[in-house]
Amino acid sequence: MTAKIAGALACAAVAGSALAADMPVKAPPAAATSWSGFYAGVSIGARWAANDWQTSDVSPNFPGTIVPTEGTGGAIDSVAARFGGYLGYNAQVSTSWVAGVEADFGWADNKKTVNAIPGTAGLFFGTPLVGLPSGTVKETWDGSLRGRLGYLVGPATLVYGSGGVAWQRLEVNANCTLVPGNRFCFGSAYNETYASTRVGWTLGGGVEHMIGGNWLARVDYRYADFGTWTQTFFAPGIGFDDRFTAHVKARTHTATVGIAYKF
């Protein structure tokens with residue numbers, strides 16, 4: 001009797017082992033995705049320059065002699081491809097929120113020339129001026145330092161906003177040749193260029209996604225405002241005054257796609 005009971009128990013143990021072997025094994029829980037850490041990346045896109053040029057104080061030694069006929073200003077806008085790089089640090093402060101700081105640098109060849117300069121067309125003692133000056137506005141490198149705050153719509157997808165300080169290299173040029181007649185430049189021909197690194201503010205946002213391993217892909221947009229740059233062109237002479245003052249309000253819209261590696 002004892003032998004029969006022992007045999008039954010042995011058979012049950014073998015059957016239980018076989019049944020356990022056939023049951024699926026539950027995988028351990030996956031590690032939670034973390035956004036915390038340093039990252040660095042490259043970007044490509046476009047930069048739109050929205051420049052408003054206003055002209056004042058035309059021939060200030062002889063006020064009222066030149067009467068504008070086509071307003072005192074206008075837009076000198078351009079668009080160019082932009083290439084850049086960025087680096088930053090993220091801190092995942094909760095399961096849904098990520099805060100960080102980011103710096104970026106980019107280059108684009110935004111350049112636009114108009115003839116004539118807005119605000120220079122007019123009448124001199126009732127006669128239309130000829131030989132009006134042409135103007136060029138050019139933007140090259142730019143950079144920014146911004147704070148970021150993002151919300152995780154999924155473990156691997158971040159929607160974020162950003163804002164901070166921005167820099168823009170800006171050049172303005174005025175060119176005037178001597179032509180016969182009632183010309184704008186009475187004294188001599190001019191070709192003057194001035195450059196300034198403008199400091200302003202920027203706001204923007206985008207979407208970033210973990211695409212596998214430590215790689216982050218993004219789409220980003222930013223608006224930047226660099227205020228108004230005032231610059232006087234040309235020089236007065238004996239019996240004439242070719243000067244005028246330009247007021248260039250510079251703004252940019254930048255849209256890029258990027259890929260970064262999180263360390």
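No experiment lies behind these values; they were computed from the predicted model shown.
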Practice task
Go through Arg251 and Trp48 one step at a time and tell me if the side-chain contact (heavy atoms from CB on, under 4.5 Å) criterion holds.
Solution key: CA-CA 8 Å; Arg251 295 151 294 177; Trp48 290 263; over 6 Å; no
Problem - Check: Asn173/Thr193 side-chain N/O donor and acceptor closer than 3.5 Å - result: yes
Considering only distance and modelled atom types, tabulate donor-acceptor pairs under 3.5 Å from the side chains of residues 101-114, sequence neighbours left out.
from: Glu102; atom 1: OE1; to: Tyr39; atom 2: OH; distance (Å): 2.6
from: Glu102; atom 1: OE1; to: Arg218; atom 2: NH1; distance (Å): 3.4
from: Glu102; atom 1: OE1; to: Arg218; atom 2: NH2; distance (Å): 2.8
from: Glu102; atom 1: OE2; to: Arg146; atom 2: NH2; distance (Å): 2.7
from: Glu102; atom 1: OE2; to: Arg218; atom 2: NH1; distance (Å): 3.0
from: Asp104; atom 1: OD1; to: Ser144; atom 2: N; distance (Å): 3.4
from: Asp104; atom 1: OD1; to: Ser144; atom 2: OG; distance (Å): 2.2
from: Asp104; atom 1: OD1; to: Arg222; atom 2: NH2; distance (Å): 3.4
from: Asp104; atom 1: OD2; to: Arg82; atom 2: NH2; distance (Å): 2.9
from: Asp104; atom 1: OD2; to: Arg222; atom 2: NH2; distance (Å): 2.9
from: Asn110; atom 1: OD1; to: Arg47; atom 2: NE; distance (Å): 2.8
from: Asn110; atom 1: OD1; to: Arg47; atom 2: NH2; distance (Å): 2.9
from: Asn110; atom 1: ND2; to: Arg47; atom 2: O; distance (Å): 3.0
from: Asn110; atom 1: ND2; to: Ser78; atom 2: O; distance (Å): 3.4
from: Asn110; atom 1: ND2; to: Ser78; atom 2: OG; distance (Å): 3.3
from: Thr113; atom 1: OG1; to: Thr136; atom 2: OG1; distance (Å): 2.6

Exercise for the section: Spell out, as yes or no, whether a donor-acceptor pair under 3.5 Å connects the side chain of Asn90 to the backbone of Ser36. Expected result: no
Problem - Within 45° cone of Tyr160 ring axis and under 6.0 Å: Arg148 NZ or CZ - result: yes
Handout entry: Tyr151 atom OH, over 12 foreign heavy atoms within 6.0 Å
Key = no
Exercise for the section: Assert yes or no for the condition that the ring centre distance of Trp201 to Tyr223 is strictly below 6.0 Å. Expected result: yes
Practice task
Go through the steps to decide whether Phe226 and Val199 satisfy the test side-chain contact (heavy atoms from CB on, under 4.5 Å), and finish with yes or no.
Solution key: CA-CA 6 Å; Phe226 300 99; Val199 182; over 6 Å; no
Problem - Any donor-acceptor pair under 3.5 Å from Thr245 side chain to Gln231 backbone - result: no
Fill in the blank from the handout: Rounded to the nearest 0.5 angstrom, the CH2-OG distance for Trp229 and Ser196 is 5.0 Å
Practice task
Tell me, with the steps shown, if Glu192 and Asn175 meet side-chain hydrogen bond (donor to acceptor under 3.5 Å, both in side chains).
Solution key: CA-CA 6 Å; Glu192 297 180 0; Asn175 184 296; over 6 Å; no
Problem - Contact check, side chains of Thr55 and Ile117, non-hydrogen atoms, under 4.5 Å - result: yes
Handout entry: Whether Asp241 side chain and Asn61 backbone form a donor-acceptor pair below 3.5 Å
Key = yes
Problem - Closest contact, heavy atoms only, Ala91 versus Tyr89 - result: CB-CE2, 4.0 Å
Practice task
Tell me whether Phe240 is reachable from Val58 by hopping between hydrophobic residues (I, L, V, M, F, W, Y) whose side-chain heavy atoms are closer than 4.5 Å.
Solution key: yes
Completion exercise
In terms of heavy-atom contacts, Leu158 and Gly150 come closest through CD1-C, 3.5 Å
Practice task
Would you check if Val248 and Asp52 make a side-chain contact, meaning some heavy-atom pair closer than 4.5 Å?
Solution key: no
Exercise for the section: With the side chain counted from C-beta on, respond yes when Trp35 and Met210 share a heavy-atom pair under 4.5 Å apart, and no when they do not. Expected result: yes
Handout entry: Under 3.5 Å side-chain donor-acceptor pair for Gln54 and Thr72
Key = yes
Handout entry: Separation of Thr232 OG1 from Asp57 CG (nearest 0.5 Å)
Key = 7.0 Å
Exercise for the section: Evaluate the side-chain proximity of Ile259 to Trp215: yes if any heavy-atom separation is below 4.5 Å, no if none is. Expected result: yes
Exercise for the section: Carefully, step by step, assess Thr228 and His247 under the rule side-chain hydrogen bond (donor to acceptor under 3.5 Å, both in side chains). Expected result: CA-CA 6 Å; Thr228 300; His247 310 269; over 6 Å; no
Handout entry: Leu178 versus Cys185, closest heavy-atom pair with distance
Key = CD2-O, 3.3 Å
Problem - Separation of Ile66 CD1 from Leu129 CG (nearest 0.5 Å) - result: 5.0 Å
Fill in the blank from the handout: Between the OG atom in Ser59 and the CZ atom in Phe124, the distance rounded to the nearest 0.5 Å is 7.0 Å
Practice task
Report yes if some heavy atom in the side chain of Thr69 is under 4.5 Å from a heavy atom in the side chain of Leu123; otherwise report no.
Solution key: yes
Fill in the blank from the handout: Exactly one of Val137, Thr252, Thr140 clears side-chain contact (heavy atoms from CB on, under 4.5 Å) with Leu170, and that residue is Val137
Handout entry: Heavy-atom side-chain contact between Trp141 and Thr197 under 4.5 Å
Key = yes
Exercise for the section: Indicate yes or no: at least one non-hydrogen side-chain atom of Tyr261 is less than 4.5 angstrom from one of Leu216. Expected result: no
Handout entry: Heavy-atom closest pair, residues Ala195 and Glu171
Key = CB-CG, 3.8 Å
Handout entry: Side chain proximity check, Phe38 to Leu87, heavy atoms < 4.5 angstrom
Key = no
Problem - Minimal non-hydrogen separation, Ser43 against Tyr86, with atom names - result: CB-CE2, 4.1 Å
Practice task
Kindly compute the distance separating CH2 (Trp53) from CG (Asp77), expressed to the nearest 0.5 Å.
Solution key: 13.5 Å
Problem - Expected output: side-chain Asp220 to main-chain Thr256 donor-acceptor under 3.5 Å - result: no
Handout entry: Exercise: identify the closest heavy-atom pair between Thr65 and Phe62
Key = OG1-O, 2.7 Å
Problem - Phe233 and Phe244 aromatic centres sub-6.0 Å - result: yes
